[in-house]
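The structure appears right after this line, and notes come after that.
In what follows, every heavy atom counts, from backbone to side chain, and hydrogens, waters and symmetry copies are set aside. These numbers were taken from a predicted model, which means no experiment stands behind them.
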Amino acid sequence: MIKWGIVGAGNIAHSFSKDLALVNGGKLVSVASRSLEKAQDFADEYGAPNAYGSYVELFNSGTVDIIYLATPHTSHADLSIAAMKAGNAVLCEKPMGVNKAEVEQMVAVAKENNVFLMEALWSRFNPTIKKVKELVVNGSIGEVGYLHADFAFYALDRDEKGRLLNADLAGGSLLDIGIYPIFLAYLMLGKPKDIKATANFYKTGVEVQCSMIFNYDNAQAILYSGLNSNSEKKAEIAGSEGSIFIHPRWHETTGYTLEKDGESTSNEVGKMGKGYVHEIEEVHDCLNSGKKESELWSYQNSLDLIEIMDSVREKTGIVFPFE
């Protein structure tokens, strides 16, 4: 039985805990928050025996096999490093770090302490996305020439001190949701040879719209993220012999449509729970077989992804006050 600890008791931690309950071989045993009362309430809700009013207490408690880190972006590196130095395996919510320097440091600490580390990029383990990747690799739509993916929702009515609109918390659309379209282009086409990008900014200093064009030898990806309107969130991958449409919301999809030879075939693949189940199962497989990183989403994958995002930030002037 793999014993989990959760750091941070926000919305995503609740979703994750509900899905953890659906997975055989794992259970939530410890919860840490900056407020002991909040940690205790969370622990009571999900039947975890231990609650801590500080993160360090959990790191040093010896009660868990792995920690799921669900705090805001800006704390990912420091908390992951502290957890790993105390000997804990870590599943860190995406983005793993705010910039490549942070991710490099996190990977180095994982290696130094011989512990498992993975970025919680749950879409990588989504059954439909795994199937679509397989179809692309197998040449089912020929040579890919075009990819489109977007992710946007309206958030300008939210608290400006909250995570999304606060520059001090690395807010904006790019790191929070732009990471998904970028991930899909990287998964299907690899690292681009050239990137063009443009962004619009909000009064708090965070970027709220980002459009990107990734250029490859024989393909282009057109990507978008935004916080000032909604978007369809249907992804398209088009090749020389057909197209695949990943059903909305594509990052947590349950199916896809294949268009080929004048025929359109809709395929329902499904998923377990909200979708974190598949990520959790990958972590269990890695821990049970003694792996320190996932083959499906490796250290190098996380480093490549943050390097691409750093490049987009450089081209659009997205800078955070603490950098």
Side-chain angles (χ1 to χ4, degrees), residues 1-34 38-97 103 106 109-110 113 115-126 163 176 179 252 272-288 291-294 296-297 299 302:
M1 182 63 68
I2 289 171
K3 300 188 290 292
W4 285 83
I6 284 184
V7 167
N11 291 338
I12 198 167
H14 281 279
S15 296
F16 185 90
S17 298
K18 289 183 178 84
D19 273 15
L20 177 58
L22 303 175
V23 183
N24 291 327
K27 64 177 180 179
L28 179 61
V29 297
S30 297
V31 180
S33 173
R34 286 175 298 186
K38 194 174 179 183
Q40 191 63 61
D41 288 347
F42 193 106
D44 291 345
E45 183 173 348
Y46 297 102
N50 307 300
Y52 302 95
S54 83
Y55 304 142
V56 174
E57 279 183 88
L58 170 52
F59 298 160
N60 294 324
S61 68
T63 58
V64 300
D65 299 308
I66 184 160
I67 286 167
Y68 171 59
L69 193 65
T71 56
H73 310 334
T74 42
S75 61
H76 287 181
D78 286 349
L79 291 178
S80 292
I81 286 167
M84 291 187 290
K85 283 185 173 176
N88 299 284
V90 171
L91 174 65
C92 177
E93 196 43 66
K94 57 84 199 154
M96 193 184 274
V103 177
M106 292 162 79
V109 171
N113 291 274
V115 293
F116 175 84
L117 170 66
M118 190 178 89
E119 183 174 22
L121 202 74
W122 67 323
S123 300
R124 176 63 184 99
F125 310 99
N126 177 290
R163 188 175 61 81
D176 196 68
I179 189 172
E252 57 177 4
M272 286 276 289
K274 188 171 170 60
Y276 297 99
V277 164
H278 309 290
E279 170 182 82
I280 293 165
E281 287 177 338
E282 172 68 11
V283 171
H284 285 182
D285 287 347
C286 289
L287 293 179
N288 286 328
K291 292 178 185 170
K292 304 307 177 191
E293 61 181 310
S294 164
L296 286 178
W297 195 252
Y299 298 161
S302 291

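The aromatic rings of Tyr46 and His14 sit tilted, their planes meeting at an angle between 30° and 60°.
The backbone N or O of Gly273 sits nowhere less than 3.5 Å from a side-chain atom of Asp19 that would complete a donor-acceptor pair. The backbone N or O of Gly87 sits nowhere less than 3.5 Å from a side-chain atom of Asn113 that would complete a donor-acceptor pair. Side-chain N or O atoms of Lys94 include none that pairs as donor or acceptor with a backbone N or O of His73 at under 3.5 Å. In this structure a side-chain-to-backbone donor-acceptor pair under 3.5 Å is missing from Glu119 to Ser302. In this structure, the side chain of His278 engages the main chain of Met272 through a donor-acceptor pair within 3.5 Å. Without hydrogens or angle criteria, Tyr299 side chain to Lys292 main chain gives a donor-acceptor distance under 3.5 Å. Panel note: side chain His284, backbone Ile2; no donor-acceptor pair is recorded below 3.5 Å. A distance-only check finds no donor-acceptor pair linking the side chain of Gln40 to the backbone of Ala51 [under 3.5 Å]. Panel note: side chain His76, backbone Glu93; a donor-acceptor pair is recorded below 3.5 Å.
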Chi angles and distances behind the side chain to side chain contact (heavy atoms under 4.5 Å, CB included) call for Asp78, Tyr55: CA-CA 11 Å; Asp78 286 349; Tyr55 304 142; over 6 Å; no

Pair Leu28-Tyr68, side chain to side chain contact (heavy atoms under 4.5 Å, CB included): steps then yes or no: CA-CA 10 Å; Leu28 179 61; Tyr68 171 59; over 6 Å; no

Residues Trp4, Val23; criterion side chain to side chain contact (heavy atoms under 4.5 Å, CB included); working and verdict: CA-CA 12 Å; Trp4 285 83; Val23 183; over 6 Å; no

Check against side chain to side chain contact (heavy atoms under 4.5 Å, CB included), Phe125 and Ile280: CA-CA 9 Å; Phe125 310 99; Ile280 293 165; over 6 Å; no

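Considering every non-hydrogen atom in both Ser294 and Met118, the closest pair reads CB-SD, 3.5 Å. Of all the heavy atoms in Phe42 and Gly10, the pair that sits closest is CE1-O, 4.4 Å. Residues Tyr276 and Ser15 share a closest heavy-atom pair of CE1-CB, 3.6 Å. When all heavy atoms of Ile12 and Ala70 are compared, the closest pair comes out as CG2-CB, 3.7 Å. Considering every non-hydrogen atom in both Cys92 and Met96, the closest pair reads SG-O, 3.7 Å. Phe116 and Leu287 get closest at one heavy-atom pair: CB-CD2, 3.8 Å.
For Asn288, the CG atom is densely surrounded, since the number of other residues' heavy atoms within 6.0 Å is greater than 12.
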